[in-house]
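Following: one structure in structure tokens, then a few remarks.
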Amino acid sequence: MNFKQEIQTGIPAELPLKKERSSNVSHAPNRKQILSIAEKQLAIRNALRYFPTEWHATLAPEFAEELQVFGRIYMYRFQPTYEMYARPISDYPAHTSQAAAIMLMIQNNLDPAVAQHPQELITYGGNGAVFQNWAQYLLTMQYLSEMTEEQTLHMYSGHPMGLFPSSKEAPRVVVTNGMMIPNYSKPDDWEKYNALGVTQYGQMTAGSFMYIGPQGIVHGTAITVMNAFRKVLKTTESSAGKLFLTAGLGGMSGAQPKAGNIAGCITICAEVNPHAAKKRFEQGWVDELIQNLDTLVKRTKEAKENNEVISLAFIGNVVDVWERFYKEDIYIHLGSDQTSLHNPWAGGYYPVGLSFEDANVMMNQDPKAFKAKVQESLRRHADAINLHTKKGTYFFDYGNAFLLEASRAGADVMAENSIDFKYPSYVQDILGPMCFDYGFGPFRWVCSSGNSEDLRKTDAIALRVLKAIKEEAPVEIQQQLQDNIKWISEAEQNKLVVGSQARILYADAEGRAKIALAFNEAIANGELSAPIILGRDHHDVSGTDSPYRETSNVTDGSKFTADMAIHNVIGDSFRGATWVSIHNGGGVGWGEVTNGGFGMVLDGSNDAERKLKNMLFYDVNNGISRRSWARNKEAMFAIQREMKRTPTLKVTFPNLVEDKYLENLF
């Protein structure tokens, strides 16, 4: 059976042979046993409903073993036999290019070169899943191969509920992930209901099929690091030889060393999982691997003395690094952390003093003791950071819930008012006022041809558009445009591609629409050989309501509401998105954030042109409007500028209140 036939088959007609887990890829940690016997029986009953009754006698004990050993039913037996990667769009069996594009993106998310735990269908973040099990993958791909332009596939946390009649104007796929009743969004609720097979954690772009490897965050990280150095260095100083210390080399955190190189500093990134560190090294995302702390100290001092621009991966715990560098009097200019602390009890953060292997055993067999170890480590971690910040280190929370979980562990991270954290979120200090409030965010595209020449052409098109915009742009956004012009002009030489032929840059509504329009025209005239797939990270202007990250600089009290993300997805869906997604969780954790995303296929048609103009405009300006209403001065500037350019846009604008009217009222 060839690739196309296997896709079209879905659940196979005959029971395939049992498959073992591969030793060549990283695997998700075994999840804790949280289900009662009756719930375990329900989980198996739920899993078996995908398959004919005559297979149940064989599959029931097999699924029970997976549940007992791994804490989840992944259905390894049903992994496809073909190689998993993003093929050219023409290789997919489909009635529409839109469906084929979605298949391409799904396979890219599960490509072993891209995915963190590919056999568990987890793309990044420790638990960011595309599907809960392989049956869901098989059925989804089959549905997409059958889909017409007047059908929509509805996805419930990885489960394809089915194809429903719709219209050509409707999204081809609507995705929800983890959309729980609010009182059931605690960490153990994810453990329970995910084990039952009825929900999943889609992270941001894993469960919405828009992940493009660590490149997806490297640009934002590079911008953050560059601007963090601008905050702490004199204008005459270079970042070469200056130290940025952080942790994590997984799906998203793996971007940090590359971003540090682009920002021109010394980056030290600690990672406890040897497989993850070696994977990033082999992919060229980190320059050197170091396994010994003494060696790291010596190499760091050497790099500082020589004003090097270098990235060093330390296979070990970052707490040990913070503490040792203090003893050695190694000055750290910038500090952060990008471990998956949204998932602290199931592999997102590994406590100091335990080996990687011992920690994995403890989290499965003694979760209570493991939680205590994690919280003890967080307190020690924070204490070490505090020692360095007293010497001048600029520490920022990278939105991974580090400060949130450290505070819950009783660490010394609170400000004097006992409400705020003593260290800012990078959104509060950098990305919020400098980017999101002006409408700049992580716009991305994928060349569905799989051809690197097409990607090269799109880089040139985007560069041309940005330069033209910069010539007439106001002074307030000149720096943002210049940073992105530099980024896109150097993108190819920085070797950012992992998996699909994809690119990202930060652009505002004007930039996104003009770049997309230029792509669509290039497809129509044959300059580009196949459709372009547009998307963005949910970590953006409008897509995410996240009080400890994306909306942490919204200070009118509304940062704990989720209206913006919901409106964003609904608004995008009837303005032309090819697919839309809305998730509980993503980045900072289950129950802590609501985030939405989209995908859009450009095929060179007039329809695509009409949709991109309409949808991309709303996708950005929805968020600017909300930020303006919160009285963020940069957003107020941006939305007033947009209303002057777009007469049909009319936004409720805030009247500012002087402090004197609030004094002595209560």
Side-chain angles (χ1 to χ4, degrees), residues 1-19 22 25 49-52 55 74-115 118-123 129-156 158-164 171-175 206-212 446-451 499-502 530-531 533 578-579 581 599 601 603:
M1 188 182 297
N2 64 31
F3 170 71
K4 288 186 176 181
Q5 290 172 327
E6 197 167 343
I7 291 288
Q8 291 168 321
T9 298
I11 303 294
E14 296 182 4
L15 184 64
L17 295 174
K18 187 176 180 181
K19 297 181 181 71
S22 169
V25 297
R49 60 184 160 179
Y50 287 102
F51 307 105
W55 295 359
Y74 297 114
M75 307 178 184
Y76 292 112
R77 179 191 288 263
F78 293 92
Q79 295 174 84
T81 57
Y82 50 76
E83 191 176 353
M84 188 68 69
Y85 67 97
R87 292 159 171 77
I89 193 169
S90 57
D91 286 4
Y92 292 95
H95 298 296
T96 77
S97 61
Q98 294 180 330
I102 297 168
M103 285 193 270
L104 182 159
M105 296 303 294
I106 288 172
Q107 292 203 313
N108 187 64
N109 272 26
L110 295 172
D111 181 342
V114 174
Q119 290 195 312
E120 289 77 44
L121 303 111
I122 290 171
T123 302
V130 187
F131 300 99
Q132 297 177 61
N133 57 59
W134 285 102
Q136 293 178 346
Y137 166 83
L138 295 176
L139 281 173
T140 299
M141 297 297 278
Q142 182 186 35
Y143 279 133
L144 289 168
S145 74
E146 298 170 352
M147 173 187 288
T148 71
E149 288 188 336
E150 294 186 339
Q151 288 176 305
T152 294
L153 176 61
H154 289 263
M155 305 284 300
Y156 283 37
H159 171 68
M161 191 57 71
L163 291 170
F164 290 79
R172 296 282 68 80
V173 178
V174 175
V175 175
S208 58
F209 322 142
M210 192 42 72
Y211 188 68
I212 59 170
V446 176
C447 298
S448 71
S449 64
N451 187 336
S500 60
Q501 293 294 316
I533 304 162
T578 304
W579 73 97
S581 60
V601 178
D603 59 6

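Numbering of residues begins at 1 and proceeds along the displayed sequence. All values derive from a computational prediction rather than experimental measurement.
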Side-chain donor or acceptor of Trp134 paired with backbone N/O of Leu121 under 3.5 Å:
no
Just do the side chain to side chain contact (heavy atoms under 4.5 Å, CB included) check on Met75 and Phe51 with the steps written out, would you?
CA-CA 11 Å; Met75 307 178 184; Phe51 307 105; 3.6 Å; yes
Between Thr81 and Glu6, is any side-chain donor less than 3.5 angstrom from a side-chain acceptor?
yes
Show your working on side chain to side chain contact (heavy atoms under 4.5 Å, CB included) between Tyr143 and His154 and close with a plain yes or no.
CA-CA 10 Å; Tyr143 279 133; His154 289 263; over 6 Å; no
Rounded to the nearest 0.5 Å, what's the gap from CE on Met161 to OG1 on Thr152? Could you check?
15.0 Å
Could you check if a side-chain atom of Phe3 sits within less than 4.5 angstrom of a side-chain atom of Pro80, using non-hydrogen atoms only?
no
Check against side chain to side chain contact (heavy atoms under 4.5 Å, CB included), Tyr76 and Glu120
CA-CA 8 Å; Tyr76 292 112; Glu120 289 77 44; 2.6 Å; yes
Write down the atom of Val25, the atom of Pro112, and the distance for their closest heavy-atom approach.
CG1-CB, 4.3 Å
Would you compute the distance between atom CZ of Phe209 and atom CZ of Phe131 and round it to the nearest 0.5 angstrom?
5.0 Å
Report yes if some heavy atom in the side chain of Ile533 is under 4.5 Å from a heavy atom in the side chain of Met210; otherwise report no.
yes
Taking Asn109 for its side chain and Ala206 for its backbone only, find out whether a donor-acceptor pair lies under 3.5 Å.
yes
Flag, side chain of Asp111 to backbone of Gly499, donor-acceptor distance under 3.5 Å
no
Once rounded to the nearest 0.5 Å, what's the spacing between atom OG of Ser581 and atom CE of Met155?
11.0 Å
Would you say Val130 and Tyr137 make side-chain contact, with heavy atoms under 4.5 Å?
no
Qualifying residues under side-chain contact (heavy atoms from CB on, under 4.5 Å), relative to Leu138, sequence neighbours excluded
Ile11, Pro12, Phe78
Where do Thr140 and Gly158 come nearest, in terms of heavy atoms and distance?
OG1-O, 4.3 Å
Taking all non-hydrogen atoms of both residues, which atom of Ala135 and which atom of Tyr50 are closest, and how far apart?
CB-CG, 3.8 Å
Knowing that exactly one of Ser448, Ser449, Pro88, Cys447 qualifies, which makes a side-chain contact (heavy atoms from CB on, under 4.5 Å) with Gln501?
Cys447
Any chance you could measure Ile7, atom CD1, to Glu146, atom CD, to the nearest 0.5 Å?
11.5 Å
Side-chain donor/acceptor of Ser500 to backbone N/O of Ala86, under 3.5 Å
no
Would you say the side-chain atoms of Glu149 and Gln98 include a donor-acceptor pair closer than 3.5 Å?
no
Hey, does Gln107 have a side-chain heavy atom less than 4.5 Å from the side chain of Met141?
yes
Side chains of Leu144 and Ile106 in contact at under 4.5 Å (non-hydrogen atoms)
yes
Over 12 foreign heavy atoms within 6.0 Å of OH, Tyr156
no
Would you check if Tyr82 and Met84 make a side-chain contact, meaning some heavy-atom pair closer than 4.5 Å?
yes
I need the minimum non-hydrogen distance between Arg172 and Gln151, along with the two atoms involved.
NE-O, 2.9 Å
Kindly confirm or rule out a cation-pi arrangement of Arg87 over Tyr85, judged by NZ or CZ under 6.0 Å from the six-membered ring centre and within 45° of its axis?
yes
Applying side-chain hydrogen bond (donor to acceptor under 3.5 Å, both in side chains), which residue pairs with at least one partner in residues 9-19 are found, sequence neighbours left out?
none
Identify the two heavy atoms, one from Ile89 and one from Ala101, that lie closest to each other, and give their separation to 0.1 Å.
CD1-N, 3.9 Å
Without swapping roles, check the side chain of Gln136 against the backbone of Gln132 for a donor-acceptor pair under 3.5 Å.
yes
